[in-house]
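Notes follow the structure.
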Amino acid sequence: MRLPHRLLAVIGGLALVSGPSRAEAHLVTSGLGPVYDGLLHFALTPEDLVPVLALALLAGLRGVIHGRRALLVLPAAWLLGGVIGLTVHGGVSPIWPALSFVLLGGLVASDARLPLGATTLLAAMLGLGHGYMNGSALAQPGLGAVGLLGSAAAVFTLVALAASFVVPLRAAWARLVVRVAGSWIVAIGLLLIGWAIRSGA
Amino acid sequence: VKIGRVAWTRPRSSLIAVALAVLAHAPGAWAHESRPAYLEITETAPGRYDILWRTPVLSGMRLPIVLRFPDDVRDVTEPATHELSDSLVERRVITAGGDGLAGKRVEFAGLQATITDVLVRVRLRDGRHTTTLVHPSQPWVEVASARGPLAVAAGYLTAGIHHILLGVDHLLFVLGLLLIVKDRWMLVKTVSAFTVAHSITLAIATLGYASVPAPPLNAAIALSILFLGSEIVRSWRGATSLTIRQPWVVASAFGLLHGFGFASGLTTMGLPRAEIPLALLCFNAGVETGQLLFVALVLLLERAFRVLEVRWPRVIEALPAYTVGSLGAFWTIQRVAVLLGAWTLALLALLVWAPPVHAHVQQGQAAGFFTGLGHPVSGLDHVLAMIAVGLWGAQLGAPAIWLLPVTFPMVMALGGMVGLLGVPLPGVEVGIAASAILLGLAVMSALRPPLAAAVGLVALFGIFHGHAHGTELPAGQSALLYSMGFVMATGCLHGVGIAVGLIHRWPKGQALLRAAGAVVALAGVFFMWRAIA
């Protein structure tokens, strides 16, 4: 059972990194400066927020080591991807974030027993891909790298809080609740894909 | 299982690395420098309005916000500009046709590129008036959109949250407290004490019963952060102090200072008197909400690191205390330099400050300058006595105002040298406590002895303080850098005392100064009791 999961993770990771979506054009101004703007942008962009949450849940289900790995790798990759996005700021189809939903949500829903390397790869790819999208959206005067730092801090915080919430869960019903959340994320992703296809993206 | 200091320290250390990275990148983001602009529109006749437009000036630069009325508005009088020390005031009369400004939009071009709000007050001829706080996220206001008390309350609540989230120095102080407290009950006590204390002075300042000039206030707030930085290092080394044992006492004392800082965010809005109670309540609620959110975030992250068993490298572990202390030191020097009008001193201090701090991180231990800088503020007894010297000097006026602060460090250095040489001096702690009592009493009673007697008294106490510091020079320190930092910090403390002491020029200030002397004397009694017991 391990090999398919690892393979799935690799394919999924490649999909995540190869599929940065179109940059989010309209940013919400917090009025509190670029750090908070970047933070708020992440919090108000479900295309980024939900996959990060899904990865945190997944890592949390797998235990302390996976959670810690995700906590360290994802924000770092996010920053790297963000810097690339700030430099290149290109745009691609919105179908790709939907694939992140499906992949990561599916792994959470199936409580996939991924090896540590797969979690690391997923975190790195997710960070690079969505960090790139985030960086592209933040590539405007007055935000830039400082805004990216805010969004990376938000990613770090979300992963820390969500993973540490799931790690101690031992009761079967509690883990089931997390898996149900994963299934919901898959469902949202499927709807997003349908919507993207229908609108010709 | 290590519960307590070690178990709490590691996660918090890592947290700070993240938190400070964010905080340090909020450019110019402390609350006292985000004063709002102010627009007052008063209807004097149908369709005719008096306009008052005030924009804050920072470092001689007017904020680039342009006031834009609808196209059909015409100037009746040319704008008359009046320059104040901290803002630019423009007055004019406009006409807006038969319908007036009702339902029309006034825009603030350029506001979205700032972190400044605009307080808009509109008074109509029928007696209605509205107050709106315009944020950069929506840089316009509709004049006739009458706002009920709930909307006004929400505006002040938001302003309070904004104020604390932008008040990096306040947040850093709270963070410092969180790093020191060891258990949850003490945490509750400490946060509550800070909240109660700053609420008191926020109310006092907003209601106009007392005010503290911004420069010394900002310097004192910075000093409170520097103080906490050294206390964190002390607690990590396993030492103890009043701050470590009872952090709520320090939170309470410094909370009074921070409350005056919070008040600056409210009083600079130019509140209408009728709205003061509501504004005070809601603004304070906003500040508390923001503060509690911050504390909750810190605690949640701490728990997350514990659950995920995150272990950070030593450098990152050591970073928080040095960062809190370094920023506190930087701000103290910067703000004291502003206070004294000595910009060159600030530059010099910056140049001297930077290399040793870099060395801290590299070597994983404190180098001499910074340790020396932090040492005089490491004990409340020293701090109070040195500030009291400044207060007394300011009270006595020239030449004592400069003679006392000059005498004290020199004689203190002499005492320090004696201590370094290992020459014993009996009753050092009693002498230090006595200095706080007598200097406090001198300030309280506005005592005016002959100049020689005042200098002699200060010199005598300087020996005790210096001896105590001299015997405490940590091993492995650079004596030169340590001494430089030590003397500079002492001088800054005197400077703070003198700056605060200048309030004696006003009648209310004289009473406050005497009250401050009484507080120092009372603290001295406490130190004496500790020294003897």
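In the text below, chain A, chain B and the rest are named by the order of the sequence lines, each starting its count at 1. The model shown is predicted, which means the values in this text are computed figures rather than measured ones. The figures that follow rest on heavy atoms only: side chains count, while hydrogens, waters and symmetry mates do not.
Nearest heavy-atom pair, A/R68 versus B/V310, reported as atom, atom and distance to 0.1 Å: CD-CA, 3.7 Å. In terms of heavy-atom proximity, B/F305 sits nearest to A/L71 at CE2-CD2, 4.0 Å. Residues B/L301 and A/L161 approach most closely at N-CD2, 3.9 Å, considering heavy atoms.
Just one residue in the list B/R303, B/R306, B/E309 forms a side chain to side chain contact (heavy atoms under 4.5 Å, CB included) with A/S164, and that residue is B/R303.
In this structure, B/R68 places its CZ atom where only 12 or fewer heavy-atom neighbours from other residues, nucleotides or ligands lie under 6.0 Å away.
Within the 4.5 Å cutoff, no side-chain heavy atoms of B/V307 are placed close to those of A/F165.
Within the 4.5 angstrom heavy-atom criterion, no atom of A/I65 approaches chain B.
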